[in-house]
Structures are given as structure tokens and as C-alpha cells.
Novice: 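Have a look at this one.
Below, all heavy atoms of this structure are taken into account, side chains as well, without hydrogens, waters or symmetry copies. A note on names: the letters A, B, ... follow the listed sequences, proteins ahead of strands, and every chain is numbered from 1.
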Amino acid sequence: LAKTTQPISMDSYEGQEVNITCSHNNIATNDYITWYQQFPSQGPRFIIQGYKTKVTNEVASLFIPADRKSSTLSLPRVSLSDTAVYYCLVGDSDNSGYALNFGKGTSLLVTP
Amino acid sequence: GAGVSQTPSNKVTEKGKYVELRCDPISGHTALYWYRQSLGQGPEFLIYFQGTGAADDSGLPNDRFFAVRPEGSVSTLKIQRTERGDSAVYLCASSFIQGAYNEQFFGPGTRLTVL
């Protein structure tokens with residue numbers, strides 16, 4: 001499994017754009033990059049997944065440079081309800097199978 | 001539709017006792033996963049079922065932990081002779097088909113406290 005490194009914590013004010021960068025220098029050719037979000041007292045929730053370039057959905061955008069050694073989760077105009085832990089995961093269903101390797105994640109605190 | 005449900009939401013037990021934690025996956029999901037989450041840590045993989053069989057139980061910490069899924073739907077995680085170090089939130093997830101990079105849907109977890 002490719003190891004990921006992401007900041008332990010981040011702070012933001014409401015209405016700002018938040019970018020969380022994850023490093024994965026050892027990413028393999030078949031690996032995808034996936035982000036999960038976890039609110040207190042809840043299980044993690046899938047946010048977004050990508051392989052290269054840019055992916056956007058109704059919740060976030062994921063930017064992946066050409067070398068794929070890092071990725072950036074972008075949350076536009078955060079609100080208080082975006083306070084959560086965000087996990088970056090790298091792997092593929094063939095090699096890493098099914099066991100999601102969460103790490104410690106980035107704890108995002110959004111304040112008024 | 002209904003998501004993954006887990007019961008009980010909280011379980012307090014004494015050291016040395018036996019506990020069972022239940023997971024009801026999303027209907028039609030063939031893959032089921034158990035994770036354990038300690039305070040301040042991300043979830044840690046325990047075991048994975050594809051259908052009725054445990055395809056990978058390499059994450060179970062020792063032989064006091066066991067899980068079953070007899071009919072390919074509901075799963076029970078069983079912990080014998082509980083220890084204080086077993087205290088954690090136990091999360092269950094399910095997905096439609098095998099593979100980490102198919103989205104896993106998580107339940108709210110069971111908070112286990114061993115006194």
C-alpha cells in the first residue's frame with residue numbers, strides 16, 4: 001500500500017476555500033486516490049475519487065498533478081458543518097484489495 | 001434506502017466477558033468489512049467477507065476475535081474474554097462488489113467500553 005502523508009490539522013473560517021494536500025510518493029500505476037470524510041460519532045463517508053488530473057462533484061474537487069505523487073482535496077466555501085476528519089487513501093482493488101488504510105487523517109475545524 | 005446499521009450503539013462490559021456486535025449491511029451488498037477505531041486514530045481493518053466467507057481475516061488482532069456472516073447478509077463480530085485494550089469504536093461497512101476502490105458505506109459504529 002502506498003503510504004500517504006497529510007497535515008494533522010487545519011483551521012478555516014466559514015466561507016473560505018480549504019485545500020488539503022496529501023503526499024503519496026510511492027503511488028503505483030494502478031492506484032486510485034480516494035478521500036473519505038468522518039464526522040464525530042459517525043462512520044467515514046466517501047467524498048471523491050480520482051486517478052489523474054481533476055475530478056469534481058457536488059461536494060469537492062480533487063486535483064492530481066501529472067506525476068501523481070500528491071493530490072489536493074479542495075472544499076469550496078466551507079461551512080461549520082464541514083468540520084470533520086478528512087482521510088486520503090491510495091490503492092487499488094487488485095493489490096490492496098479491500099482493506100482501506102486510513103491513517104490519522106486531517107482534522108479540519110471551521111469557525112465563524 | 002436504508003444504510004448500514006449496527007447494534008448496539010454502545011456496549012459496556014467487564015473485563016473477561018464475551019460480547020457480540022451486529023452489523024446489517026445495505027441490502028444487496030455482497031462485501032462486508034469490519035474496522036476498529038481507537039480515539040484519535042483512523043479506522044483499522046479487521047476482516048472482510050465476500051458473501052458468507054471470510055476472504056481476509058488478517059486484521060483480527062488475536063484469536064479472541066471472530067466474525068461470522070452465515071447467510072451472506074448480517075454479520076456478527078464476536079470478542080471473547082474482553083480486555084480493556086479492546087475498548088474502541090467498531091465500524092462495519094459494506095460495498096456492492098469487491099474492492100477498496102469501490103465505495104464502502106459505513107455504519108455509525110458500536111462504541112465498546114471494557115471496564
Side-chain angles (χ1 to χ4, degrees), chain A residues 1-9 20 22 24 27-52 55 57 59-60 62 64 71 84-108, chain B residues 3-10 21 23-26 29-51 53-60 69 88-112:
Chain A
L1 294 173
K3 180 177 178 176
T4 60
T5 302
Q6 53 184 123
I8 295 295
S9 64
I20 306 174
C22 178
H24 28 79
I27 191 168
T29 302
N30 294 333
D31 286 345
Y32 281 77
I33 300 156
T34 309
W35 286 79
Y36 276 76
Q37 174 192 54
Q38 186 175 26
F39 297 115
S41 301
Q42 294 187 25
R45 180 178 74 121
F46 173 95
I47 303 177
I48 198 165
Q49 181 181 101
Y51 183 80
K52 61 181 180 180
V55 179
N57 61 24
V59 175
L62 179 59
I64 306 168
S71 59
V85 179
Y86 293 82
Y87 297 97
C88 167
L89 296 90
V90 173
D92 76 273
S93 58
D94 292 329
N95 291 329
S96 63
Y98 28 77
L100 296 180
N101 181 19
F102 280 90
K104 293 189 176 183
T106 297
S107 180
L108 173 65
Chain B
V4 176
S5 62
Q6 293 185 246
T7 55
S9 55
N10 282 283
L21 312 179
C23 172
D24 284 79
I26 293 172
H29 280 191
T30 58
L32 185 145
Y33 318 78
W34 284 98
Y35 293 81
R36 176 169 72 173
Q37 186 170 25
S38 301
L39 191 63
Q41 306 293 318
E44 172 191 21
F45 170 76
L46 296 177
I47 187 169
Y48 156 67
F49 288 89
Q50 180 62 27
D56 184 355
D57 63 359
S58 63
L60 295 178
R69 195 186 184 202
V89 175
Y90 289 81
L91 294 162
C92 176
S94 68
S95 67
F96 182 58
I97 56 177
Q98 177 182 341
Y101 297 90
N102 297 299
E103 179 181 351
Q104 293 187 18
F105 295 83
F106 283 80
T110 293
R111 180 175 298 279
L112 174 66

Novice: With sequence neighbours excluded, what pairs up with B/R36 under the salt bridge (Lys or Arg N to Asp or Glu O under 4.0 Å) test?
Specialist: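 With sequence neighbours excluded, B/R36 shows a salt bridge (Lys or Arg N to Asp or Glu O under 4.0 Å) to B/E44, given in chain and number order.
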Novice: For B/Q37, which atoms come within 4.5 Å of any heavy atom of chain A: side chain, backbone, both, or neither?
Specialist: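 Only the side chain of B/Q37 comes within 4.5 Å of chain A.
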Novice: Top residue by heavy-atom pair count (under 4.5 Å) with chain A, among B/P43, B/G109, B/G42?
Specialist: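 Ranked by contacts with chain A, first place is B/P43.
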Novice: After noting the C-alpha distance and the side-chain angles of B/Q104 and A/T34, does the key distance pass the side chain to side chain contact (heavy atoms under 4.5 Å, CB included) rule?
Specialist: CA-CA 11 Å; B/Q104 293 187 18; A/T34 309; over 6 Å; no
Novice: What residues, two or more places apart in sequence or in another chain, satisfy side chain to side chain contact (heavy atoms under 4.5 Å, CB included) together with B/Q41?
Specialist: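 B/Q41 satisfies side chain to side chain contact (heavy atoms under 4.5 Å, CB included) with A/K104, B/S38 only.
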Novice: Report yes if the side chains of B/Y35 and A/L100 come closer than 4.5 Å at any heavy-atom pair, otherwise no.
Specialist: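 B/Y35 reaches A/L100 side chain to side chain.
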Novice: If you count heavy-atom pairs within less than 4.5 Å of chain B, which of A/G103, A/P44, A/S107 leads?
Specialist: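 Max contact count across the listed options: A/P44.
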Novice: Calculate, to the nearest 0.5 Å, the distance between atoms CZ and CZ belonging to A/F46 and B/F105 respectively.
Specialist: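 That separation rounds to 8.5 Å.
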